[in-house]
Every structure is written in structure tokens, then in C-alpha cells.
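Take a look at the structure below.
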Amino acid sequence: MTENQSPKPRLMKEFVDQRRALYKARKKGFIEGYLEVKESLPRLAAALEAQGVSESKINAIIAELQKDFSKDPEESFEELLAQEKLNSR
């Protein structure tokens, strides 16, 4: 690097690359967790039933949770990011 070259473009590219990698990692983790929880709802219902929770209460709990998991995981992730931006202001 000569005296006239600035390290800023390289640092900016590294920053953008790191942000992009972080975004991809968060998205992947969110989607994996989202699908894991969605798939575990029947096990949750069975566990609640084993503990003697009434069927109507179990149905209400599962219905409420299913509302959260009725969307596409990628869409939910984008909504989460948008909500984080609003909360950070």
C-alpha cells in the first residue's frame, strides 16, 4: 500500500462482509430454531397431557403457539429484524 491509498475501502468491505455473514448466521439459526419449535408442538401437547392439564387448556396453548408459527420462517425473521430496528430507535 502506498502513502496515497486509504485502508478505508478495504475496512468497509470487511465490515460489510462481516455484517452479511452475521445476518446469514442469525437467519439460519432463527429458521432452524423456528422449525424445531414448530415440530415440537405435538410433544409439548403430550407432555402437558401427561401432567394432567385439561384438553381445552392444551388446545388453547397450542393454538396460541401455532399462530406464531403459521408464517414462513424467512418472513418471520424479516419481521423480527424490522421490530428490532423499531425498538432500537
Using a 3.5 Å cut-off and no angle test, enumerate the donor-acceptor pairs between side-chain atoms of residues 39-48 and protein atoms at least two apart in sequence or in another chain.
unit_1 : atom_1 : unit_2 : atom_2 : d
Ser40  : OG     : Val37  : O      : 2.8

Check your understanding: Roughly how far, to the nearest 0.5 Å, is CG of Asn87 from CG of Leu80?
Key -> 9.5 Å
Check your understanding: If you measure from NZ on Lys38 to CD1 on Ile31, what distance do you get to the nearest 0.5 Å?
Key -> 12.0 Å
Check your understanding: Could you give the distance from CZ (Phe77) to OH (Tyr23), rounded to the nearest 0.5 Å?
Key -> 5.5 Å
Exercise for review: With the side chain counted from C-beta on, respond yes when Arg19 and Val16 share a heavy-atom pair under 4.5 Å apart, and no when they do not.
Suggested key: no
Review point. What pairs of residues pass the salt bridge (charged side-chain N to carboxylate O under 4.0 Å, His left out) test when at least one of them lies in residues 73-84, not counting sequence neighbours?
Key: Arg26-Glu84, Lys27-Glu74, Lys71-Glu79
Check your understanding: Closest heavy-atom contact between Phe30 and Pro73?
Key -> CE2-O, 3.4 Å
Check your understanding: Are any of the side-chain heavy atoms of Leu22 and Gln18 separated by less than 4.5 Å?
Key -> no
**Study point:** Partners meeting side chain to side chain donor-acceptor pair (under 3.5 Å) with Glu49 (sequence neighbours left out)
**Key:** none
